[in-house]
Undergrad: 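I have a structure here, written as structure tokens, and I will follow up with some questions on it.
Everything quoted here is computed from the prediction, not taken from an experiment. A note on names: the letters A, B, ... follow the listed sequences, proteins ahead of strands, and every chain is numbered from 1.
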Amino acid sequence: MASEEMEQLVRREYKDGFVTDIESDTLPPGLDENTIAFISNKKGEPEWMLEWRLDAYRQWLKMEAPSWAHLDYPPIDYQSISYFSAPKRPEDRPQSLDEVDPKLLETYEKLGIPLHERAALAGVAVDAVFDSVSVATTFKKQLGEAGVIFCSISEAIRDYPELIKQYLGTVVPVADNYFAALNSAVFTDGSFVFVPEGVTCPMELSTYFRINAANTGQFERTLIICESRAQVSYLEGCTAPMRDENQLHAAVVELVALDDAYIKYSTVQNWYPGDENGVGGIYNFVTKRGDCRGDRSRISWTQVETGSAITWKYPSCVLRGKDSIGEFYSVAVTNGRQQADTGTKMIHIGEGTRSYIVAKGISAGRSDQSYRGLVKIGPRAKGARNFTQCDSLLIGDKCGAHTFPYQEIGNSTATIEHEATTSKIGEDQLFYCQSRGISEEDAVSMIVNGFCKDVFQELPMEFAVEAEALLNVTLEGAVG
Amino acid sequence: MLQVNDLHVSVEGNEILKGLTLTIKAGEVHAIMGPNGAGKSTLSAVIAGKDGYEVTQGTITFEGKDVLEMEIEERAQAGLLLGFQYPVEIPGVKNIYLLKSALNAQRVARGEGEMPAPEFMKLVKEKLGYMKMDASFLQRAVNEGFSGGEKKRNEILQMLVLQPKLAMLDEIDSGLDIDAMKIVADGVNSLRAEDRAILLVTHYQRLLDYIVPDKVHVLVDGRIVKTGDAELAKQLEANGYEGIEESVA
């Protein structure tokens with residue numbers, strides 16, 4: 001949508017609460033079955049949901065944190081985390097922008113974030129600065145007319161239990177991996193989208209409009225379902241750097257596409273990466289998976305990852321339906337001391353399934369980045385095709401880039417193509433641009449944006465513009 | 001316009017230029033010739049500000065300003081422009097975007113403000129025609145997949161759009177067939193103007209049949225050993241560099 005429209009919407013008056021069921025209690029640190037019962041109770045969940053969570057928790061207890069990723073971080077003490085915390089009370093938050101770190105404000109300025117949003121993003125206690133509630137209400141009406149359900153996952157559990165029972169945990173099973181199991185046990189927030197048969201969602205959906213997600217996003221759970229011939233484009237995240245008290249983030253996203261359905265999921269992630277020594281940054285362990293359950297269905301992941309101290313994330317597609325298509329377009333940028341191990345999995349099960357992977361990694365500073373991708377072709381996936389292109393760009397000589405491509409081919413009729421390049425941001429390219437009168441900073445941004453072009457063009461337009469600005473801010477001072 | 005005085009330049013401890021002195025006035029076309037390894041390309045690279053060259057002695061001034069004190073982009077903004085022997089590829093960056101960014105960066109630095117888009121397009125199209133380049137060049141990534149001749153024509157196109165005060169062309173003739181050379185030479189000749197100077201660095205005399213220089217300098221072992229007019233280039237063609245070295249010795 002146009003930004004003016006957006007501005008108008010956010011200026012509307014406050015109507016009613018969106019998530020008001022969270023009261024001012026905060027659980028003390030610690031995790032046991034009582035913690036989970038407390039969360040479930042707080043959310044007003046039915047008994048079966050509590051059982052589902054407890055099942056996940058019991059399985060999690062038997063699991064071990066994965067150690068295969070190319071990441072280095074101290075062990076996480078899960079008993080030192082508070083699993084339910086209410087939003088900060090207004091009196092505990094900064095009272096005005098004057099109390100906010102000027103550096104953060106400077107970044108908002110560079111990203112072109114409108115003034116009234118800056119305060120909200122910085123956590124300032126101002127009433128309805130960014131009135132996400134009225135925005136959501138306006139949208140809900142329009143969506144309702146189209147038959148689209150878009151609400152918080154907690155609401156969905158209460159209001160649409162049949163859909164939840166039918167789909168939740170069917171793409172990412174509760175014990176799929178360590179972090180997914182933890183999320184299944186303790187998730188407190190997230191989004192639910194249901195697009196019924198034959199409906200194209202009338203607008204791009206975004207969590208950006210729900211500002212409270214900024215404070216409660218520690219264990220997010222998202223479920224998106226597109227019935228036959230339904231389509232939706234979902235935008236997650238925000239280009240503004242988000243600070244969070246919670247260091248550990250473990251989200252789960254499940255997508256289900258039935259016959260001829262199309263889900264486009266775009267992410268711009270810019271969590272706080274920590275200071276120059278990496279202290280205080282977010283650990284982001286995310287499980288994202290799409291299930292192309294129906295014939296000719298299509299799921300497309302596009303991500304721009306610039307934040308977090310640690311990123312562990314592999315948006316994947318299970319290509320079950322005949323002739324279904326999975327796509328993964330990724331730009332991951334690491335600077336400072338950031339570490340990212342990210343990539344995708346394309347699991348070809350059905351006949352004639354196709355997947356397309358374009359991964360661009362940019363490492364600067366002392367950061368370290370890995371692309372990890374699996375292409376698996378099952379025995380029944382006759383004529384399956386995959387194309388993978390995986391490019392790394394290094395800025396400076398203290399950063400690292402690694403590529404771990406895995407291929408498991410169970411069918412001789414499959415076609416797999418893999419292209420990989422690693423290049424150092426050319427001194428020669430920089431000199432070339434500068435010798436034309438372009439400043440070093442603009443030259444870096446020009447070269448890096450050129451490198452990312454194939455991915456950016458997959459983003460919704462407004463997101464693409466923001467993503468470019470974000471890239472420039474992230475890489476500021478990376479050269480020289 | 002350009003004054004190079006007793007310039008000594010080292011690369012990784014090896015002295016390449018050993019006391020080079022050169023004066024270029026507005027309106028002149030100079031050619032620097034010399035055998036491989038004499039330091040021809042070093043001279044233009046140092047003037048443009050390329051990394052890795054250490055100036056151990058001497059000065060370079062351009063319109064009275066100390067060039068060695070200026071950043072790379074400031075030199076370009078002041079009107080010094082280098083055409084590359086091997087222009088680099090920049091994937092994903094459209095040729096027209098680079099041209100526009102460069103032109104506007106220079107204009108803004110000179111306080112002229114950015115050029116309005118329609119005016120810019122008109123300018124670029126006119127210059128494209130001059131270089132016999134198709135408009136599709138503008139939409140292609142900078143030098144990516146360009147043939148050798150296309151890259152060289154693209155360098156001259158940039159010169160025509162950016163209109164530098166001093167155009168330095170490093171081996172602009174290398175790898176060109178005779179037709180491409182004529183187009184490139186026409187482009188360069190169209191740059192000749194009273195308030196502009198051109199510095200050609202070349203190994204072969206061939207180019208100078210098309211772009212007739214006012215002055216020819218012979219660079220041997222880091223120094224200019226002989227200066228003359230266009231006739232000198234013809235002598236070189238006939239006798240080779242060795243003859244010059246001997247006559248100097």
Side-chain angles (χ1 to χ4, degrees), chain A residues 304 329-331 333 358-362 389-397 419-459 464-465 467-469 471-472 475 479-480, chain B residues 44-53 70-95 97-110 112 139-144 151 154-155 157-159 161-164 167-168 170:
Chain A
V304 177
Y329 305 97
S330 169
V331 167
V333 190
V358 180
K360 305 273 182 180
I362 300 155
Q389 186 187 336
C390 180
D391 301 322
S392 306
L393 187 67
L394 304 175
I395 302 178
D397 53 10
E419 288 176 12
T421 64
T422 298
S423 49
K424 200 163 176 290
I425 193 163
E427 300 272 314
D428 287 345
Q429 289 176 335
L430 275 179
F431 177 60
Y432 190 77
C433 295
Q434 283 180 275
S435 73
R436 265 78 192 121
I438 298 165
S439 73
E440 185 176 42
E441 236 173 58
D442 289 348
V444 170
S445 113
M446 188 186 281
I447 294 164
V448 168
N449 277 303
F451 176 77
C452 299
K453 205 190 76 188
D454 298 348
V455 173
F456 282 175
Q457 68 192 14
E458 295 297 325
L459 286 171
V465 174
E468 276 189 35
L471 214 62
N472 298 344
L475 290 174
V479 177
Chain B
S44 52
V46 168
I47 297 173
K50 192 169 165 103
D51 235 18
Y53 296 86
M70 295 157 88
E71 299 290 339
I72 303 165
E73 60 267 28
E74 289 170 352
R75 299 177 194 203
Q77 291 157 3
L80 281 165
L81 200 64
L82 173 63
F84 283 55
Q85 182 179 6
Y86 303 109
V88 293
E89 301 187 356
I90 311 178
V93 177
K94 281 183 188 171
N95 222 1
Y97 185 69
L98 176 79
L99 266 178
K100 196 175 172 191
S101 304
L103 180 66
N104 283 333
Q106 295 196 11
R107 288 175 61 105
V108 168
R110 292 193 295 259
E112 294 164 14
Q139 301 305 320
R140 288 167 66 185
V142 178
N143 293 319
E144 199 181 34
K151 284 183 182 173
N154 201 34
E155 291 294 289
L157 174 69
Q158 293 181 9
M159 294 275 171
V161 171
L162 297 173
Q163 300 276 317
M168 300 182 285
D170 187 9

Undergrad: Could you tell me which portion of B/Asn143 (side chain, backbone, both or neither) has an atom closer than 4.5 angstrom to a non-hydrogen atom of chain A?
TA: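 The answer is the side chain of B/Asn143.
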
Undergrad: Would you say OH of B/Tyr53 has more than 12 non-hydrogen atoms from neighbouring residues, nucleotides or ligands within 6.0 angstrom?
TA: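 Count over threshold, so yes.
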
Undergrad: Could you tell me which portion of B/Val108 (side chain, backbone, both or neither) has an atom closer than 4.5 angstrom to a non-hydrogen atom of chain A?
TA: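 Nothing of B/Val108, per the 4.5 Å heavy-atom cut-off to chain A.
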
Undergrad: For a 4.5 angstrom cut-off between non-hydrogen side-chain atoms, does B/Leu162 reach A/Arg436?
TA: yes

Undergrad: Please report, to 0.1 Å, the donor-acceptor pairs under 3.5 Å made by any side chain of residues 75-88 of chain B, with sequence neighbours excluded.
TA:
| unit_1 | atom_1 | unit_2 | atom_2 | d |
| --- | --- | --- | --- | --- |
| B/Arg75 | NE | B/Val67 | O | 3.3 |
| B/Arg75 | NE | B/Met70 | O | 3.0 |
| B/Arg75 | NH1 | B/Val46 | O | 3.0 |
| B/Arg75 | NH1 | B/Ile47 | O | 3.1 |
| B/Arg75 | NH2 | B/Val67 | O | 3.1 |
| B/Arg75 | NH2 | B/Met70 | O | 3.1 |
| B/Gln77 | NE2 | A/Gly437 | O | 3.0 |

Undergrad: Please state whether the side chain, the backbone, both or neither of A/Phe451 comes within less than 4.5 Å of a heavy atom of chain B.
TA: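 Interface part for A/Phe451: backbone (N, CA, C, O).
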
Undergrad: Would B/Asp51 and A/Phe431 count as a side chain to side chain contact (heavy atoms under 4.5 Å, CB included) if you check the C-alpha gap in whole Å, the side-chain angles of each, and the deciding distance to 0.1 Å?
TA: CA-CA 8 Å; B/Asp51 235 18; A/Phe431 177 60; over 6 Å; no

Undergrad: State, yes or no, whether a side-chain contact exists between B/Ser101 and A/Asp442 at a heavy-atom distance under 4.5 Å.
TA: no

Undergrad: With a 4.5 Å limit on heavy-atom distance, are the side chains of B/Ile72 and A/Leu430 in contact?
TA: no

Undergrad: For chain A, which of B/Gln106, B/Lys50, B/Glu71 has the most heavy-atom pairs under 4.5 Å?
TA: B/Lys50

Undergrad: Judged by atom type as modelled, is there a donor-acceptor pair below 3.5 Å linking the side chain of A/Gln429 to the main-chain atoms of B/Glu89?
TA: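 Looks like yes, one N/O pair under 3.5 Å.
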
Undergrad: Which heavy atom in A/Cys433 sits nearest to a heavy atom in B/Leu98, and how many Å separate them?
TA: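 In this case the closest contact between A/Cys433 and B/Leu98 is SG-CD1, 4.0 Å.
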
Undergrad: Report the distance from atom CD1 of B/Ile90 to atom CG of A/Asn449, rounding to the nearest 0.5 Å.
TA: 12.5 Å

Undergrad: Take atom NZ in B/Lys151; do more than 12 heavy atoms of anything else shown fall under 6.0 Å from it?
TA: yes

Undergrad: Test: salt bridge (Lys or Arg N to Asp or Glu O under 4.0 Å). Region: residues 101-110 of chain B. Which pairs qualify, not counting sequence neighbours?
TA: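 Qualifying pairs: B/Arg110-B/Glu112.
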
Undergrad: Could you have a look at B/Ala109, B/Pro164, B/Pro91 and say which one has the most heavy-atom pairs with chain A under 4.5 angstrom?
TA: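 Among the listed options, the one with the most contacts to chain A is B/Pro91.
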
Undergrad: For A/Ile438 and B/Glu73: C-alpha separation, side-chain torsions, deciding distance, then whether side chain to side chain contact (heavy atoms under 4.5 Å, CB included) applies.
TA: CA-CA 6 Å; A/Ile438 298 165; B/Glu73 60 267 28; 5.9 Å; no

